[in-house]
2 protein chains.
Amino acid sequence: MEDGTSKSLGYCGDTDGDYDVLQWDTREDCEVRQILDRVADKWSLLVIALLDQRSLRFSELRRRIDGVSQRMLTRTLRHLERDGLVSRTVHPTVPPRVDYELTALGTTLHATIRALVTWTETHQNEIAAARTAYDARVLAEQSAAEAQAAERDEIARNVLSGSR
Amino acid sequence: MEDGTSKSLGYCGDTDGDYDVLQWDTREDCEVRQILDRVADKWSLLVIALLDQRSLRFSELRRRIDGVSQRMLTRTLRHLERDGLVSRTVHPTVPPRVDYELTALGTTLHATIRALVTWTETHQNEIAAARTAYDARVLAEQSAAEAQAAERDEIARNVLSGSR
DNA sequence: CGGCATCCTTCCAGATACTG
DNA sequence: CAGTATCTGGAAGGATGCCG
């Protein structure tokens, strides 16, 4: 079995609030960090958002999530199942059929995730604009630096020709 | 420059709702997916949560986020800056000093992120319990399978000795 | 169909050293 | 102090093949 509890990130609600209510746990392996890591996962968000509609079969999920390999989807579902967010039901038919659906816990998480998606949809234009502006700025700075370098070279050449 | 717009995940608000309001874009490189990818980033969440309190210097962030390398912190901050979520202020002093703070856009995102963290804190016990239960179940299934295998071997041995 | 095991590649994170 | 540049190991992730 692959290790599901590897490194993680870290936000802990230690209530010894020094300068405010929030306090960060410096440890990497803090409980809350591990959970956030799961939420911050590339595919988990998508699976949870999809399963809110209704329960889905493995292949249905696979079809709806473009770019996911069956390996990654399986891993993601196992993680979510382990965390009690998704339930897995095997129908012993032939061919086999496996349904996934959100648990009660998973549903409460979905509300939060939904807010995140809504935020993203609402602000995607602002973000796109910010990116364009940033890229333009970087480009401008680069050409400015290049112009400066060219000038330096020019001066150096003049000095050299003068000393000849 | 490293490629910041690599692969992404995918949730798009196509409003041609077939069976509900939500509809997934099948394309991997959908706009909303890219943004979610940024939010789903290991360190971004932490940086945004930290910066909500007040603006922080690079080294302050580094100290407060255990396990982040300066390379990753730099990358994360650049991404966030590009997306217009964080502003970067360089004070031309010596030694140099760089302050980071949330933009207005970043602050709106923080509210959502905060909800996520709160959810995590609220439900961490349930999740821990679910994990323990899951691991126990897996262990039980494993030993059951082993017992079955042992039984099979036993039968096979008996058959063999009988035919002798 | 829905997996798991195995291999293999690619990419990314971390360590290190150097600069303004 | 706050970066950038470069190298390298390991892990994430894809492809394939087999099983229940």
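Proteins come first, then strands; the chains are lettered A, B, ... in the order of their sequence lines, and each starts at number 1.
Across the protein-nucleic acid pair, B:M72 atom CE and D:dA5 atom C1' stand 13 Å apart, rounded to whole Å. As a whole-Å value, the separation of A:K42 NZ from C:dC11 P is 13 Å. One atom, CD1 of B:I65, and another, P of D:dA2, lie 14 Å apart when rounded to the nearest Å. Following rounding to the nearest Å, B:L73 (CG) and D:dA2 (C1') show an atom-to-atom distance of 10 Å. When rounded to the nearest whole Å, the span between CZ of A:R78 and C1' of C:dC4 equals 9 Å. Rounded to whole Å, atom P of D:dA12 lies 10 Å from atom CG of A:D41. At whole-Å resolution of the value, CG in A:D37 and C1' in D:dA11 are 14 Å apart. Spacing between atom CZ of A:R63 and atom P of C:dG2 amounts to 9 Å, rounded to whole angstrom units.
Side-chain proximity of B:P96 to the nucleotides C:dC1, D:dG14, D:dC1 is greatest for D:dC1. Taking the side chain of B:S59 as heavy atoms from C-beta on, and the options D:dG13, D:dC1, C:dG2, the nearest nucleotide is D:dC1.
Here the side chain of B:T120 pairs no donor or acceptor atom with the backbone of A:I35 at under 3.5 angstrom. Checking side-chain atoms of A:T76 against main-chain N and O of A:W43 turns up no donor-acceptor pair under 3.5 Å. At distances below 3.5 Å, not a single donor-acceptor pair connects side-chain atoms of A:S55 with backbone N or O atoms of A:L51.
Distance OH/A:Y100 to CD/A:E60: 12.0 Å, rounded to 0.5 Å. For the atom pair A:L45 CG and A:L116 CG, the distance stands at 6.5 Å (nearest 0.5 Å). Once rounded to the nearest 0.5 Å, the distance linking CZ of B:R88 with OH of A:Y134 reads 7.5 Å.
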task: Go through B:R114 and B:D52 one step at a time and tell me if the salt bridge (charged side-chain N to carboxylate O under 4.0 Å, His left out) criterion holds.
output: CA-CA 10 Å; B:R114 186 59 214 265; B:D52 174 62; 6.0 Å; no
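Of the residues in residues 87-95 of chain B, those with a non-hydrogen atom less than 4.0 angstrom from any atom of DNA chain D are B:R88, B:P95.
Taking five base pairs at each end of the helix from C:dC1-D:dG20 to C:dG20-D:dC1 and finding the rotation axis that steps the C1' atoms of four pairs onto the next four gives two axes whose angle is 50°, to the nearest 10°.
Under the rule for a salt bridge (charged side-chain N to carboxylate O under 4.0 Å, His left out), the partners of A:R137 that lie at least two apart in sequence or sit in another chain are B:E81. Residues forming a side-chain contact (heavy atoms from CB on, under 4.5 Å) with B:T108 (at least two apart in sequence, or on another chain): A:W119, A:H123, B:L105. Not counting sequence neighbours, the partners of A:R97 by the salt bridge (charged side-chain N to carboxylate O under 4.0 Å, His left out) test are A:D99.
Phosphate contact (OP1/OP2 of D:dT4, side-chain N/O of B:R75, threshold under 4.0 Å): absent. Remark: B:Y100 is in phosphate contact with D:dG3, judged by side-chain N or O atoms under 4.0 Å from OP1 or OP2. Within the 4.0 Å cut-off from OP1 or OP2 of C:dG2, not a single side-chain nitrogen or oxygen of A:T74 is found.
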Taking only N/O atoms, report every protein-nucleotides 15-18 of chain C pair under 3.5 Å with atom names and distance.
none

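Between the side chains of A:R64 and A:Q53, not a single donor N or O lies within less than 3.5 Å of an accepting N or O. A donor-acceptor contact closer than 3.5 angstrom is absent between the side chains of A:R75 and A:Q70.
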